Number of protein chains: 2
Amino acid sequence: MANERVTVIDIAKAAGVSKSTVSLVLQGSPLVNEGTRTKVNAVMRDLGYVYNRGAANLRQSSAKSKIIGVVVNDLTNSFFAELAVGVDLVVQDAGFVQFLANTSESLDRQTEVIASMREHGISGLVVSPARGSRAIDFKALVSAGMPVVAVVRPVAGAKVSSLISDNHTGMFAAVEHLARLGHTRIAFFGGFEDTAIFQERLAGYRDGIAASGLVYDEGLVFACAPSRAEGAKAVVRAMAAVDQPTGGVCFNDAVAFGVYDGLRARRLEPGVDFAIVGFDDVIEAGTSVPALTTIAVDPQGMGRRAAQLLLKQINAGKAEAEAVVTPVRLVVRESCGVNKLKPGRRSA
Amino acid sequence: MANERVTVIDIAKAAGVSKSTVSLVLQGSPLVNEGTRTKVNAVMRDLGYVYNRGAANLRQSSAKSKIIGVVVNDLTNSFFAELAVGVDLVVQDAGFVQFLANTSESLDRQTEVIASMREHGISGLVVSPARGSRAIDFKALVSAGMPVVAVVRPVAGAKVSSLISDNHTGMFAAVEHLARLGHTRIAFFGGFEDTAIFQERLAGYRDGIAASGLVYDEGLVFACAPSRAEGAKAVVRAMAAVDQPTGGVCFNDAVAFGVYDGLRARRLEPGVDFAIVGFDDVIEAGTSVPALTTIAVDPQGMGRRAAQLLLKQINAGKAEAEAVVTPVRLVVRESCGVNKLKPGRRSA
DNA sequence: CTGTTAGCGCTTTCAA
DNA sequence: TTGAAAGCGCTAACAG
């Protein structure tokens, strides 16, 4: 029940040296001779001394708290749990400790926890923004010079670094995959045309079409709100056309699920009558659709990258916003849409 | 790019009051008149003031850091992710923020992160100990008067609170379940006889047997190391007996998986030829066996309970170790062992 | 190489 | 009700 806090001064007294010598030892300074160092260390062990980082931070520039904040929108979703593990991994190795908070998609919660973290003196923040986050939500942080990296969901207009999926490569690979299976009419579903992400993904689609020797047809691009409901409507529209597509790539997972729904409503079997590839933005939690190929990202790897990016900024001292892209891979399931393919071009 | 830290003194100056008045406002003290309060608050907003908890803690008893530590052995396992969410929920509501660290079952990592958390002044710790944790690993913490609650895995001999599954009730329910399905010879597999947990679970088994009107037969208790390999051997032993059991309850999930393996090796179909109920200790990560009924705990609920328990201790000011039990529920899958049941007593 | 002396930003007596 | 002063545990100049 040793309750009184033991401080540098206690151990200085016990070791017969001065406060600052102890401090030097604490910081592993080479200016203290070996004998003193060992003695001091021994005393620290004996008295059960624990370093008070709060006090140290107070005295120092206060910029080096060795705490980084991690806020995710849904820790229940294993994607984000893995992401947190990835962050933790590199952050621990760098001698930092991480605050982890879960917002459950609540903007208020997010504001609260970020404020709280600031009060505790975090030296950087990795955040997977709650839905509906705006640049203004991070305004205070960035103008205070806090390094911030947004993952998974970029925040339009915010001067923070962001780490998002490789939109172009992902879509390109998806289209190539479908083309290789024999599809010649591949649609693009969902997304708001005025967003940067949409443009990137669409470009990947176009380039994939071209690279596969197919012709780009604007009539196969069905832009719509990136929601499940709109996705369902989009595919219905697509299937009403004279020259129906036999498969499609979707702006994100929500749209992909919508396309799935829309096909079922038309009595078509998703993945058999029509191939679907969804871009995995992890927007829908806990939803799982079989027979759906996705463009996926490795969450833990993304976490590691995010942490590295953040540490780089922290060490650089300045918060230069930077947009980085995380690799994606195609996770192929049974969704090749064989029924609609011309005989002879079907895949095994 | 407003970089200079703004402090109480700045806002005092700007508001035309003194440092301590500002401090009073910060703490919501009723000793400051309304006009002053609003003015001060306005100035704080204008200057973008952020409260420095580190400094505050330093001055205060230092016991009220508003940080609690959470260390789990495997955040990749969704059980622990959910647990962390549960903790976060109540901890956030109480105005705390949580440090979250993942040890990946590494004792060294665990020691490191706990030390780090102490240095940062956590006021309590929720820990799911890494495998092989001993009382000594928490000695320093408890003797420093730090409230600690161990979850999922109790640490023998450590003077920390623990929150574990309801061993007796769980086993009782499992046995009752099997008996209701018509089983009359129900085995008990796995566990070291000299541990408290084993005794509790065995007692639940015995009482369940009695409550179901069956007779307890010592020959049906197959104690062994709680590992997958030993579980496999145990069931082989059991099936070699003249009067074979038709189902069994297992000490934990590892043993249950072992039993599964053992049955397969004997060309028996688990869940059809033999009913298995496993006690879900979440010892095996990422393993999933179908057709296996389990005694499960709600991870998020457990997290909430753990946090509440911890907060209670923090508020009480003393670290009185307390053992609490978390409810369990039976998650029934297809493991009824129909093939071996007498006709007429089979379940639907 | 070691000791002295100031503070970091805040809270907290104690007076005014 | 508000102000002045002291000090939490530590580090950062400077002297010795």
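Letters A, B, ... are given to chains in the order of the sequence lines, protein chains preceding strands, and every chain is numbered from 1. Note that the coordinates shown come from a computational prediction; the quantities given were computed from them, not determined experimentally.
Separating the CG atom of B:L58 from the P atom of C:dT12 is a distance of 12 Å, rounded to the nearest angstrom. Across the protein-nucleic acid pair, B:R59 atom CZ and D:dC10 atom P stand 16 Å apart, rounded to whole Å. Rounding to whole angstrom units, NZ of residue B:K39 and C1' of D:dT2 are separated by 15 Å. In this structure, B:N33 atom CG and D:dG3 atom C1' are separated by 15 Å, rounded to whole Å. Put simply, CD on B:Q60 is 19 Å from P on C:dC8, counting in whole angstrom units. For the pair A:M44 CE and D:dG9 P, the computed distance is 16 Å after rounding to whole Å. B:L31 places its CG atom 13 Å from the P atom of C:dT13, with the value rounded to the nearest Å. One atom, CG of A:L24, and another, C1' of C:dT4, lie 14 Å apart when rounded to the nearest Å.
Put simply, A:N57 has no side-chain N or O that comes within less than 4.0 Å of OP1 or OP2 on C:dC8. The side chain of A:Q27 places no N or O atom within less than 4.0 Å of a non-bridging phosphate oxygen (OP1 or OP2) of D:dC10. Regarding contacts with the backbone of D:dG3, a side-chain N or O of B:T21 is found under 4.0 angstrom from either OP1 or OP2. Applying the 4.0 Å criterion to OP1 and OP2 of C:dC8, one finds that B:T7 has every side-chain N and O outside that range.
Looking at the side chain of A:N52, the nearest of the listed nucleotides D:dC10, C:dT4, C:dC10 is D:dC10. Residue A:A55 places its side chain closer to D:dC10 than to any other of D:dC10, C:dG3, D:dG7. For B:S20, counting side-chain heavy atoms from C-beta on, the closest listed nucleotide (C:dT2, D:dA4, C:dC10) is D:dA4. For A:V17, counting side-chain heavy atoms from C-beta on, the closest listed nucleotide (D:dT2, C:dG3, C:dT2) is C:dG3.
A:Q110 and A:S106 form no side-chain donor-acceptor contact under 3.5 Å, judged by distance and modelled atom types alone. Of the N and O atoms on the side chains of B:N57 and B:S65, not one donor lies less than 3.5 Å from an acceptor on the other residue. Side-chain contact annotation: B:T38 with B:N41, donor-acceptor N/O pair under 3.5 Å absent.
Evaluation of atom-type donor-acceptor distances gives no pair under 3.5 Å for the side chain of A:S23 against the base of D:dA12. Contact annotation: side chain of A:K19 to base of D:dT11, donor-acceptor pair present below 3.5 Å.
Side-chain contact between B:Q92 and A:V113: present, with at least one pair of heavy atoms (C-beta onward) separated by less than 4.5 Å.
B:V152 and B:S128 get closest at one heavy-atom pair: CB-OG, 4.3 Å.
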